[in-house]
Amino acid sequence: MSVTTRFAPSPTGFLHIGGVRTALFSWLFARGRDGRYVLRIEDTDRERSTDEAVQAILDGLSWLGLDADEAPVYQSARSERYREVIDHLLAEGLAYRCYASKEELDAMREAQRARKEKPRYDGRWRPMPGKELPEPPAGVDPVIRFANPLEGEVVVSDEIKGVTRFDNAEFDDLIIARADGSPTYNLCVVVDDMDMGITHVIRGNDHVANTPRQVNILKALGVEPPVYAHVPMILGPDGVKLSKRHGAVSVTEYRAMGFLPDGLLNYLVRLGWSHGDQEVFSREEMIQHFNLEHISSSPARFDMEKAWWVNHQYLKQAPHDILVPELVWHLQRLGIDAESDARLPAIVDAQRERCRSMAEMAEKSVFFFSAPQEYAEKDAKKHFKEPAPEVLQALRGRLAEADWQAEALHAVVHEVAGANELGLGKVAQPLRVALSGAAVTPPIDQTLALMTREDVLARIDAAIVWLSANADAAASS
Ligand code: GLU
C-alpha cells in the first residue's frame with residue numbers, strides 16, 4: 001500500500017513546536033516509505049484564521065525543510081466540495097435537516113440533566129421508519145446532522161493507543177452543516193482526508209475524541225478509514241501541557257533563539273519517539289528509522305538543556321550552506337548586512353565549537369563587521385592594566401609589517417610575549433579586548449587573520465587612545 005500522510009494545521013496563531021513535531025512525524029513516515037506528504041491549511045474558521053498565521057506556517061515549514069509534495073490545500077477554497085458531500089449524504093438518507101431552535105435544545109438538555117442523563121441531541125428530527133416528523137417551521141434555516149449509526153460499535157485502530165472500541169449509542173447526531181450552510185470541522189476533515197487519499201493520520205492526542213465520529217462519516221461515505229496514530233502531547237518541565245507559560249513555543253522563536261532546523265527537528269523527533277538510545281540523527285537516519293511502533297504512548301517532557309545540546313551537536317558539524325545563511329539571518333537582526341562577505345564560512349568555522357546557538361554565534365561575531373563601541377567593563381579592568389599599553393604598542397609595531405596570514409600572526413603574538421617576558425595571555429587578552437570589546441574571541445591568530453590589517457591597527461590605536469584617556473582613572477582605582 002502506498003502511504004500518504006498530511007499535516008493539517010489551523011492558522012489561528014503561530015506554528016507551535018508541538019505542531020512541528022506532528023508535521024515532522026508525518027513527513028518522516030511518508031519519506032521513509034516512498035510515500036506522499038501533503039499540507040492542508042484548516043482555515044474554515046474565518047474569524048480565527050489569519051493570513052499572517054498561514055504565512056508563519058509556510059515560512060516555518062520551509063525553514064525546517066519539511067517540504068510537501070503538492071501545493072497546500074486550503075479548506076476555505078473547498079466549500080463547494082463540502083456542499084456536494086453534504087448533499088450526497090442528505091440524498092442517501094445518511095444526514096438530515098434539523099429545525100430545532102436553540103431554546104428547544106436548551107430545554108432538552110436541561111431536562112436531560114435533571115434526569116441525570118448525559119446532555120445530547122435526542123434525534124427529534126431524525127427520520128425513522130414509521131416515525132412522523134413535524135412540519136418544518138416556516139422561516140427557519142435548518143442545520144444538517146449526520147445520522148450516526150444507532151447500533152453496533154466503532155472500532156478505531158490506533159498505532160499508538162491500540163484498538164479502541166466505542167459504542168455507537170454513545171454518540172448523538174453531529175451537526176455537519178450550520179444553519180448558514182457552512183460545513184463544520186469534522187465534516188471538512190473527513191472529506192479532505194478522503195479526497196486527498198490519506199492513508200495515515202498522525203496527529204495530536206487532542207483529536208482522539210473526534211476520531212470515532214470521523215470514522216463513522218467515512219464509513220457512511222463508503223470509504224475505508226485511514227490508520228490513525230494519536231501522538232501524546234508534549235509537556236513542560238512541570239508536567240503540564242507545554243504552553244507559552246513555559247517559554248518559547250513558536251517555531252519563529254526557536255529560530256530567533258538560534259536553533260538550526262536540523263537541531264530542532266532532531267530534538268523534536270526524540271520527544272516521544274526512540275531508536276534504541278541514539279540521540280543524534282542525520283535527516284537521512286531519521287527518515288530511515290522513523291516508525292510508529294516506537295512512538296511512546298506516554299507524554300514526553302520538554303527539556304531545554306537537552307534541546308541546546310542537540311543543537312550544538314549540529315552546529316559543530318553542519319555544512320556551510322546551512323550555517324552561513326543562518327548566520328547572515330541572525331546578523332541581519334543585529335543590524336549587520338553580511339550577506340556578501342566572503343569571510344563567513346571561515347567565521348563559522350572559527351566560532352562553531354564555542355557557540356551552541358546561531359544567535360550566540362552572531363553576537364560573538366559582530367566585531368568582525370564593526371568596531372567595538374565600548375569595552376566590556378570587567379574585561380577592560382582586568383586586561384587593560386599594566387603592561388597593556390606597552391604590549392599594544394609592541395603589537396602594533398609588529399602587526400604593521402607582519403605577513404597577514406594565521407601562522408605569521410601567531411608568531412607575532414608569541415614573539416611579543418617572549419620579548420617582554422610575558423605569558424601569552426598577557427598579550428592575547430588585551431589584544432582581544434582591543435579588537436572585539438571583550439576578552440572572548442576565537443584563537444587570536446585566526447581572529448586577526450579574519451580581519452584586515454587596516455582594521456586591526458585602527459582598533460589597537462583606538463584602544464591606546466582610550467587607555468591614555470583612562471589612565472588617570474585606572475591609576476586611581
Ligand atoms: N487542524 C487541527 C489542528 O490544528 C488538526 C486536525 C487533524 O490533524 O485532523 O489541531
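Note that ligands are numbered from 1 as they come in the structure, with each ligand's atoms numbered from 1 the same way.
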| request: Could you find the nearest protein heavy atom to atom 8 (O) of ligand 1 and give me its residue, atom name and distance? | output: Arg6 NH1, 2.7 Å
| message | Below 4.0 Å, non-hydrogen atoms only: which portion of Pro9 touches ligand 1? Side chain, backbone, both or neither. | response | backbone
| task | Check for a donor-acceptor pair, side chain of Arg283 on one end and backbone N or O of Leu265 on the other, with a separation under 3.5 Å. | result | no
| remark: heavy-atom search around atom 10 (O) of ligand 1 in the protein gives His207 NE2, 2.8 Å
| Any idea which atoms of ligand 1 are less than 4.0 Å away from a heavy-atom of Arg203? | 7 (C), 8 (O), 9 (O)
| task | Considering the heavy atoms of Tyr185, write down every atom of ligand 1 situated less than 4.0 Å from one of them. | result | 1 (N), 2 (C), 5 (C), 6 (C), 7 (C), 9 (O)
| remark: Value for CD (Glu104) from CG (Asp122), rounded to nearest 0.5 Å, stands at 9.0 Å
| task | To the nearest 0.5 angstrom, please state how far the CE atom of Met128 sits from the CG atom of Leu133. | result | 10.0 Å
| task | Any atoms of ligand 1 less than 4.0 Å from a non-hydrogen atom of Glu42? List them with their elements. | result | 1 (N), 2 (C), 5 (C), 6 (C)
| request: Decide whether an N or O pair under 3.5 Å exists between Ser10 and ligand 1. | output: yes
| query | Does any N or O atom in Asp206 lie less than 3.5 angstrom from one in ligand 1, N or O only? | reply | no
| field | Ring geometry between Tyr254 and Phe302 (parallel below 30°, tilted from 30 to 60°, perpendicular above 60°) | value | perpendicular
| task | Starting at CZ of Arg213, measure out to CZ of Phe166 and round the result to the nearest 0.5 Å. | result | 11.0 Å
| request: Report the C-alpha separation of Trp273 and Phe290 in whole Å, then their side-chain angles, then the decisive distance to 0.1 Å, and conclude whether the ring pair (Phe, Tyr, Trp, His ring centres under 6.0 Å) test is met. | output: CA-CA 8 Å; Trp273 174 79; Phe290 182 78; 5.4 Å; yes
| query | Ring centroid separation for Trp308 and Tyr267, is it under 6.0 angstrom? | reply | no
| field | Structural part of Tyr228 in contact with ligand 1, heavy atom criterion under 4.0 angstrom | value | neither
| said: Geometry only, no angles: is Ala8 polar-contacting ligand 1 at N/O separations under 3.5 Å? | reply: yes
